[in-house]
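Report on the following structure.
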Amino acid sequence: MATIDKLMDKLVSLCKRRGFIFQSSEIYGGLNSCYDYGPLGVELKRNVKEFWWKAMVQSRDDIEGLDASILMHPRVWEASGHVANFTDPMVDCKICKGRFRADELNDKKPGQCPRCGNKDSLTEARQFNLMFKTFMGPVEDAANVVYMRPETAQGIYVNVYNVMQASRQKIPFGIAQIGKAFRNEITPGNFTFRTREFEQMEMQFFVKPGTDMEWFEYWKTQRMAWYDELGIRKSKLRFHQHGPKELAHYAAAAFDIEYEFPFGWKELEGVHNRTDFDLKRHMEYSGKDLNHFDDATREKYIPYIIETSAGCDRTVLTALIDAYDEDVIEGEARTVLRLAPAIAPIKAGVFPLVKKDGMPEVATKIHHELKKHFNVFYDDGGAIGRRYRRMDEAGTPFGITVDGQTLQDQTVTVRERDSLVQTRVAADKVVPFMQEKMAAYRRE
Ligand code: ATP
């Protein structure tokens, strides 16, 4: 792996150069902590979302999908506790005007500014609510305040019985959702790790009280296994259990799945046992009976909720960091993204060895054929080695080259990004060849 201290700089510059991630509104000097996904980035992000959706919704019989609106009734956020409690303690430095989260300061140096180093320059901590507010309709007064949702979960809770009835699900069952969330973070940073606008991939699983810890353990295992399937190295992942001080007021148990980022072990996803807190609160604030009545056992109860809450942008960043590698091939340095084929933005590059002898025509035909199955990229510019390198840097797992022999026997070479093995494959067998390799892929 590349040296740790330079890794983030190298990745940020690769993301811009190759069109994964740009700073938002760059020509105006950028907008702090907001990012745009370019042509390769948008493919990668869509693939991550699809990988999650397949695992959490489409491959299961007990989870339904949902896409709730970002703006919700303001009472939702009173019931959820966000209006009263979704705050971070904020301090300012009176000298350098830096702004920090009090809970992230160095305990050993109380009162000392972490930026300018001045002692006793920090203000008292003030609680700062992280929700973005806006107004619904033309009048900007308190009666018309609405919030940009700070999490997608509440849209699921308020819809639980709508979904249950429409889909004829029975408890235990889950509802999954991918969507934007907004938090006015005091200290965003580390590229897309912490931003003020981001996407979450959340699943809420509704269970009978008493079975909750069993389901909690089940989802911990499932979710850790998902990152392995995504191609993230196992050695870089771990669980972190919330101690009594960290545990949110609603949670009976909570584990974070953490990744070892170049800036330390940090949360990727939270798996929480939220008990019956959420539905009880919505019952209280909405006045609607949110008890579940089990026809089979004649029991009435408020379901407990096991939540798996992952950040989509944070997963994309993790996949990029984990995939970034540098090696030397035949004396030449190469940068390569070892992305799992399932999430790689481009699955194959198609290259005519030279721009003559009918090779571009054959390669174009193969390119169009492959496009029916995968996102592939045609490139006839420059030496073949350079074209391979460009695809390595984009994380493309296969390079397909049309050469002199292709014109004789209709075979092409398929070069694999990680092993560099080149195999001659009949042109009309490239699709099954790639499909087989992709299905068998396992990160080393
Ligand atoms: P933190 O303590 O880091 O602020 P959190 O515990 O509040 O995070 P959750 O509310 O559990 O985070 O959110 C679930 C997931 O959403 C996180 O694991 C993370 O992947 C993602 N997430 C949360 N906040 C942000 C953010 N500001 N930017 C990007 N992703 C985020």
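As the structure is a prediction and not an experimental result, all values here were calculated from the model. Whatever order the structure lists ligands and atoms in, that order sets their numbers, starting from 1.
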Protein contact to atom 21 (C) of ligand 1 [nearest heavy atom, distance to 0.1 Å]: Gly311 CA, 3.7 Å
Under the side-chain contact (heavy atoms from CB on, under 4.5 Å) test against Tyr285, which residue among His282, Lys288, Arg281 passes? Arg281
Cationic N near anionic O, under 4.0 Å, Asp379 to Arg387: no
heavy-atom search around atom 29 (C) of ligand 1 in the protein gives Phe193 O, 3.2 Å
Which residue holds the protein heavy atom closest to atom 28 (N) of ligand 1, what is that atom called, and what is the gap in Å? Thr195 N, 3.0 Å
Who's the nearest protein heavy-atom neighbour of atom 22 (N) of ligand 1, and how far? Phe198 CE1, 3.5 Å
Heavy-atom proximity to atom 5 (P) of ligand 1, best of Glu185, Glu151, Gln200, Arg183: Arg183
Let me know which of Tyr227, Tyr259, Trp226 forms a side-chain hydrogen bond (donor to acceptor under 3.5 Å, both in side chains) with Glu269. Tyr227
Can you name the side chain to side chain donor-acceptor pair (under 3.5 Å) partners of Lys347, sequence neighbours left out? none
In the protein, which heavy atom is nearest to atom 15 (C) of ligand 1, and how far is it? Ser309 O, 3.7 Å
Decide yes or no on salt bridge (Lys or Arg N to Asp or Glu O under 4.0 Å) for Arg75 and Glu78, but give the supporting numbers first. CA-CA 5 Å; Arg75 290 278 283 168; Glu78 289 172 33; 3.0 Å; yes
On a heavy-atom basis, I'd like to know which of Arg101, Glu267, Arg194 is closest to atom 3 (O) of ligand 1. Arg194
Compile the donor-acceptor pairs under 3.5 Å between side chains in residues 90-102 and protein atoms, sequence neighbours left out, one pair per line.
residue : atom : partner : partner atom : Å
Asp92   : OD1  : Arg99   : NE           : 2.6
Asp92   : OD1  : Arg99   : NH2          : 3.3
Asp92   : OD2  : Arg126  : NH2          : 2.2
Lys97   : NZ   : Lys94   : O            : 3.2
Arg101  : NE   : Asp103  : OD1          : 3.2
Arg101  : NH2  : Asp103  : OD2          : 3.0

Any heavy atom of Leu268 closer to ligand 1 than 4.0 angstrom? yes
